[in-house]
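Counting convention: from 1, in listed order, for ligands and their atoms alike. Quick caveat: nothing in here was measured; it's all calculated off a predicted structure.
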Amino acid sequence: MNTQIPIAVPNISGNEADYLMECVRTGFVSSVGPFVNRFEDLVAKATGAASAVATSSGTTGLHLALTALGVTFNDIVIIPSFTFIASANAVSHCGAQPWCLDIDAESWCLSPSKLRQTISEECIWDGERLLHRGSGRRIAAIMPVYTLGTPADMNAIAEVASLYRLPIIADAAAAIGATYQSRPLAELADLSVISFNGNKTLTAGGGGAVFGNNRSLLELVRHLSTTARSGEDYDHDMIGFNYRMTNLQAAVGCAQLERLDEFILAKREIRTRYDEAFASLSSVHKFPQPDWANSACWLSGFFLTKGDTKNIICSLREQGIPARSFWKPIHMQTPYNGILCGDMANTERTWKGVVVLPCSTNIPLEDQKRVILIVKALLT
Ligand SMILES: *Cc1c(COP(=O)(O)O)cnc(C)c1O
């Protein structure tokens, strides 16, 4: 009875094996091949983008997107503190510094009002550039994160960005399948990045994609991702990267993308089942579903409004439910100790209250019912 239910594992029961064999049979195992092109077409279609570039991971995709938009040494990039550490690391890999702001309580995404207020209080506009008053550094971009696959309030963020001519890079790592006010993801930012890591809704084993509607910008991303080769004879015209996805990864990614609708539906059903089951518990809230978003519902669970999630997570684990806390905020991470950051009330409260429950797309209904029974017994 106490067998472990996994928290979020890949669902690879489609054409993955066939497509992988095709790579081996045809010899296309590396970073050139028909699956890479097909993968990019499928990502562009799923996100409403004019163009998409396949990358070796979500993190390398973010690094490329930031670089293509001109983020460089000594710059500052605004991010929410409540994110996976890769968002901050990608900024650091550019030689820039993340500036961590708080999230909204109702979306768990970067707060547009905090963004606006912080910029107006702590920055100067010199007519061309936005400078951080304390350090004199340039603010080079804003990077909202679509927490749990839920887009941030992008109209409000875009309004602030346009005031100061700041580009927006969306960390949409887990958001494929989501929309914002019925608009597709590609319309919401200059460049957006998804991850195909093993714990995401769709996986390529590992991998990522950068997408958007500005074709020339995406061509620059592609160029940077493949060592900025400019000719046949080992000619390179920029300091590029080796960040391209391989045909093997893309083969798995294509098989997964064929099942996008099915997987998103499964994730949303899992979310609804937990939300309905826990609605009667006075000590918990559901994960946010702001009006503006149709979330991809990457992960599901509950938010504990008071008390300690540690004990609850411990008790659940003892009963075979591998419950987890979620992203430890960036400003509390060792490598970002002392980072530029604002008031973090919502971030810290959210981090302390989130419990993630098993929500793989292939979780059997009886397993989810068992999770629900155990959680309700514990919290009633
Ligand atoms: C998963 C994730 C990433 C990193 O993607 P990788 O493919 O693992 O490099 C970045 N940001 C967020 C918000 C993520 O959830």
Side-chain angles (χ1 to χ4, degrees), residues 7-10 39 43 52-67 77-94 98 100-101 103 107-110 141-152 154 168-178 185 188-189 191-211 221 225 241-246 248-250 252-253 256-257 267 287-288 293 295-301 324-331 333 335-336 347 350-351 354 356 359-360:
I7 197 143
V9 287
F39 176 85
V43 167
V53 177
T55 59
S56 56
S57 73
T59 310
T60 57
L62 287 169
H63 189 190
L64 288 169
L66 290 161
T67 305
V77 175
I78 295 175
I79 67 170
S81 190
F82 194 55
T83 184
F84 182 55
I85 197 156
S87 326
N89 288 349
V91 173
S92 303
H93 293 155
C94 296
C100 293
L101 299 191
I103 53 170
S107 68
W108 297 356
C109 296
L110 181 67
I142 304 174
M143 184 155 79
V145 177
Y146 300 167
T147 309
L148 299 163
T150 304
M154 295 305 285
I168 300 177
I169 294 131
D171 182 343
I176 189 165
L185 292 180
L188 310 178
L191 290 172
S192 306
V193 181
I194 0 178
S195 162
F196 287 83
N197 192 39
N199 66 345
K200 300 299 197 282
T201 302
L202 305 184
T203 185
V210 185
F211 61 92
V221 170
S225 75
F241 304 86
N242 179 12
Y243 281 174
R244 190 81 171 140
M245 179 182 273
T246 68
L248 288 171
Q249 293 168 296
V252 175
Q256 294 269 294
L257 281 158
K267 285 287 193 186
F287 283 6
S295 176
C297 296
W298 170 39
L299 296 176
S300 288
R324 304 195 46 171
S325 62
F326 196 46
W327 297 330
K328 182 175 172 184
I330 300 302
H331 71 281
Q333 299 280 1
Y336 294 105
T347 299
T350 303
W351 171 60
V354 175
V356 174
C359 56
S360 307

Rounded distance (nearest 0.5 Å) linking atom [atom1] of [X] with atom [atom2] of [Y]:
X	Y	atom1	atom2	result
Asn242	Ser56	CG	OG	7.5 Å
Leu101	Ile330	CG	CD1	12.5 Å
Ile194	Leu62	CD1	CG	11.0 Å
Thr60	Phe241	OG1	CZ	10.0 Å
Leu202	Leu257	CG	CG	5.5 Å

For ligand 1, which atoms, with element, lie under 4.0 Å from some heavy atom of [X]?
X	result
Asn197	7 (O), 8 (O)
Gly58	5 (O), 6 (P), 7 (O), 9 (O)
Ala173	2 (C), 3 (C), 10 (C), 11 (N), 12 (C), 13 (C), 14 (C), 15 (O)
Trp327	13 (C), 15 (O)
Gly207	7 (O)
Thr59	4 (C), 5 (O), 6 (P), 9 (O)
Val145	13 (C)

TODO: Evaluate the side-chain proximity of Lys328 to Trp351: yes if any heavy-atom separation is below 4.5 Å, no if none is.
DONE: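 Yes - at least one pair of side-chain heavy atoms lies under 4.5 Å apart.
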
Task: Residue pairs passing the side chain to side chain donor-acceptor pair (under 3.5 Å) test where at least one lies in residues 80-90, sequence neighbours excluded - done: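 As it turns out, the side chain to side chain donor-acceptor pair (under 3.5 Å) pairs with a partner in residues 80-90, which skip direct neighbours, are Ser81-His331, Thr83-Ser87, Ser87-Asp171, Asn89-Tyr336.
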
Note the single closest protein heavy atom to [atom], along with its residue, its atom name and the distance in Å.
atom	result
atom 13 (C) of ligand 1	Asp171 OD2, 3.4 Å
atom 1 (C) of ligand 1	Lys200 NZ, 1.6 Å
atom 3 (C) of ligand 1	Phe84 CD2, 3.6 Å

- [ ] Specify side chain, backbone, both or neither for Phe82, according to which of its non-hydrogen atoms lie closer than 4.0 Å to ligand 1.
- [x]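 No part of Phe82 comes within reach of ligand 1.
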
Task: Plane angle bin for Trp327 and Phe82 - parallel if under 30°, tilted between 30 and 60°, otherwise perpendicular - done: perpendicular

TODO: Please state whether the rings of Tyr243 and His63 are parallel, tilted or perpendicular, taking 30° and 60° as the class boundaries.
DONE: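 Tilted.
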
Task: Close approach of Tyr146 to ligand 1, heavy atoms, under 4.0 angstrom - done: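 No heavy atom of Tyr146 comes that close to ligand 1.
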
Open item on the list: I'd like to know if Gly206 contacts ligand 1, where contact means a heavy-atom distance under 4.0 Å to any ligand atom.
Closed with: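 No, that is not the case, since the closest heavy atom of the residue is not under 4.0 Å from the ligand.
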
Open item on the list: Is there a polar contact between ligand 1 and Ser195, counting only N or O atoms under 3.5 Å apart?
Closed with: yes

